[in-house]
Amino acid sequence: MRSCDAVVIGGGIAGVSAAYSLSLRGADVVLVEREDSLTAHSTGRSAAQYIETYGGPVNQALTVASREFLMNDAAGMADGPLLRPRPVLWVSPPGRRHELERLREEMSPLSPQLLLQTAAEARRCCPVLAPAWVAGGLLEPDSYDIDVAGLHAAFLRGARRCRTTVVRSRAVCSMDRAGGIWRVRTAAEPFAAPVVVDAAGAWADEVARSGGVAPLGLAPLRRTLFTFAPPAGVPAEEVSRWPLVADIAGSFYFKPEGLSQLLGSPSDETPDVPRDVGPTELDVARGIDAINTATTLGVRAVGSVWAGLRTFAPDRCPVVGFDAAAEGFVWCAGQGGTGIQTSPAMGEVVAATVCGAPLPAALADLTGRLSPLRLKEPA
């Protein structure tokens, strides 16, 4: 039985960021992933963007706290820039402009650069917005595309430099704790550690159950994405400078994807189960219809189509902390659609929690709002 200080379950962005932060503090870490690829599911299917206005105040604080690490190319561990400028333009149809104003008011304390726009100003940012549809915009100029593969590889590189052991194709069959030690069993080999970190994404509740730990009620929600051709006659260089455009009502978003295509989504959140999820024709059709209603793009065909699971806690805030009823069991789950952009801060919160260290000052007020205790206390 391989003994270590901590077993991290899940090789996606949550798991590798936690393993990196723990190993950086001197912990002997084993990272266990059920798939052959560490990014087989949500991490490898994300159209990630650094958006400070997304996900509510808790996720905003985690995002802002992650900014320096991302801007500095993962403390120099990345092979190239992890962030590339891509403004975000939230847009509203008639009758919903007040939602843009509310979002700006809510998020401006940490993101003061937000700019309310008229319909004409929004159309100057993205000329394909339909004049009859768009009533206004909220521009977040300091937003970025994230190189997800580069960020994941950087965390993995840093963890391995600190002697983290990475084990692939090893689903957890069962766990139990005795004598202050968790025994984590896979089909091939067991591992022993005083601490288990559950960073298994959509499977986090299942992993908990395998160790007799009560689940949190995490909800995997399906998100659909597809690519399509840019409008004819518009230079590719011009299209590549468009912002990410998102409906404040949550019916669609689209953004440039490289120089030759656009990426779109119906922003769907369809309840699903932990699995290798795929898209449905209906969700793709809804996305096309919403984009065509709000723009002059006239999308008629799509290229690549895929889907991923974004997993949320009941209150839609991430969960990080020791389980109240299972000694040595640490949750790192429920990141929803912010798992990539918050991963540096989330990893640091996991490491501080396990090591009994104080959180960074910018995150100190989040302890109770991240703790799993909030989801297990009686109402």
Side-chain angles (χ1 to χ4, degrees), residues 8-21 23-24 31-51 54 62-63 66-86 88 143-162 164 166-169 199-203 223-227 240 244 253-265 276-279 303-311 332 335-348:
V8 176
I9 302 173
I13 200 73
V16 295
S17 62
Y20 164 71
S21 296
S23 63
L24 199 62
L31 177 71
V32 180
E33 165 57 43
R34 60 181 290 146
E35 308 289 356
D36 181 57
S37 168
L38 300 180
T39 58
H41 297 291
S42 297
T43 298
R45 306 178 190 195
S46 173
Q49 185 95 359
Y50 180 91
I51 310 176
Y54 186 66
L62 290 165
T63 299
S66 299
R67 181 188 177 98
E68 183 177 355
F69 185 88
L70 296 171
M71 291 292 292
N72 291 329
D73 302 327
M77 295 183 296
D79 291 329
L82 293 175
L83 300 181
R84 297 187 184 278
R86 173 81 57 206
V88 171
S143 182
Y144 304 85
D145 293 330
I146 302 176
D147 179 356
V148 180
L151 177 59
H152 186 277
F155 278 130
L156 189 59
R157 183 177 295 118
R160 282 176 163 156
R161 286 176 182 171
C162 294
T164 289
V166 178
V167 181
R168 304 168 189 256
S169 303
W203 285 263
R223 170 59 56 90
T224 304
L225 301 104
F226 52 86
T227 60
S240 71
L244 183 152
Y253 73 79
F254 66 89
K255 72 169 188 173
E257 181 78 351
L259 289 174
S260 61
Q261 57 188 354
L262 295 169
L263 181 148
S265 172
D276 185 9
V277 68
S304 300
V305 180
W306 68 100
L309 293 175
R310 303 154 78 245
T311 302
C332 177
Q335 293 90 336
T338 64
I340 307 298
Q341 66 185 39
T342 63
S343 57
M346 288 285 286
E348 180 60 24

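The residues of the chain are indexed from 1 along the displayed sequence. Predicted, not measured: the structure shown is a model, and the values here were computed from it. Reckoned from all heavy atoms, side chains included, excluding hydrogens, waters and symmetry mates.
Across every non-hydrogen atom of Ile51 and Ser143, the tightest pair is CG1-OG, 3.8 Å. Among all heavy-atom pairs drawn from Leu82 and Ala74, the shortest one is CD1-N, 3.6 Å. Closest approach of Ala202 to Thr311, counting heavy atoms only: CA-OG1, 3.2 Å. What you find for Val16 and Gly11 is that their closest heavy atoms are CG1-O, 3.5 Å. Between Thr224 and Pro279, the closest heavy-atom pair is CG2-CB, 4.0 Å. Closest heavy-atom contact between Leu225 and Ala47: CD2-CB, 3.6 Å.
At least one donor-acceptor pair under 3.5 Å links the side chain of Arg45 to the backbone N or O of Ala307. Under a 3.5 Å cut-off, the side chain of Ser304 and the backbone N or O of Thr227 do not form any donor-acceptor pair. The closest donor-acceptor contact from the side chain of Ser42 to the backbone of Leu309 lies under 3.5 Å.
Expressed to the nearest 0.5 Å, how far OG of Ser66 lies from CD of Glu348 amounts to 10.0 Å. Here the straight-line distance linking atom CZ of Arg160 with atom CE of Met77 works out to 13.0 Å at 0.5 Å rounding. One finds the OG atom of Ser169 at 7.5 Å from the CD atom of Glu35 (value rounded to the nearest 0.5 Å). Here Phe254 contributes atom CZ and Ser265 contributes atom OG; the two are 12.5 Å apart, rounded to the nearest 0.5 Å. Taken from CD1 in Ile340 to CG in Asp147, the straight-line distance is 10.5 Å, to the nearest 0.5 Å. Taking CZ of Arg223 as the start and OG of Ser46 as the end, the distance is 10.0 Å to the nearest 0.5 Å.
Applying the side-chain hydrogen bond (donor to acceptor under 3.5 Å, both in side chains) rule to Gln335 yields no partners; only residues at least two apart in sequence or on another chain are considered. With sequence neighbours left out, Asp145 forms a salt bridge (Lys or Arg N to Asp or Glu O under 4.0 Å) with Arg86, Lys255. Taking Arg67 as the reference, Glu52, Asp142 meet the salt bridge (Lys or Arg N to Asp or Glu O under 4.0 Å) condition, with sequence neighbours excluded. By the salt bridge (Lys or Arg N to Asp or Glu O under 4.0 Å) test, Arg157 is found to be paired with Asp79, residues two or more places apart in sequence or in another chain being considered. In this view, Phe155 and Tyr20, Phe69 satisfy the ring pair (Phe, Tyr, Trp, His ring centres under 6.0 Å) rule, not counting sequence neighbours. Arg310 pairs by the side-chain hydrogen bond (donor to acceptor under 3.5 Å, both in side chains) definition with Tyr54, Glu269, not counting sequence neighbours.
Heavy-atom contacts from other residues, nucleotides or ligands closer than 6.0 Å to CZ of Arg168 number more than 12.
Contact check for Leu263 versus Tyr253: side-chain heavy atoms found under the 4.5 Å cut-off. Looking at heavy atoms from C-beta onward, Leu83 lies in side-chain contact with Met71 at the 4.5 angstrom threshold. Side chains of Val148 and Thr43 form a contact here, defined as non-hydrogen atoms less than 4.5 Å apart. Contact annotation: the side chain of Leu38 approaches that of Val166 to within less than 4.5 Å [non-hydrogen atoms, C-beta and beyond]. Using a 4.5 Å cut-off on side-chain heavy atoms (C-beta onward), Ser343 and Leu151 make contact.
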Next item on the list: I would like to know whether Thr338 and Leu62 meet side chain to side chain contact (heavy atoms under 4.5 Å, CB included); could you show each step before the answer?
Entry: CA-CA 9 Å; Thr338 64; Leu62 290 165; over 6 Å; no
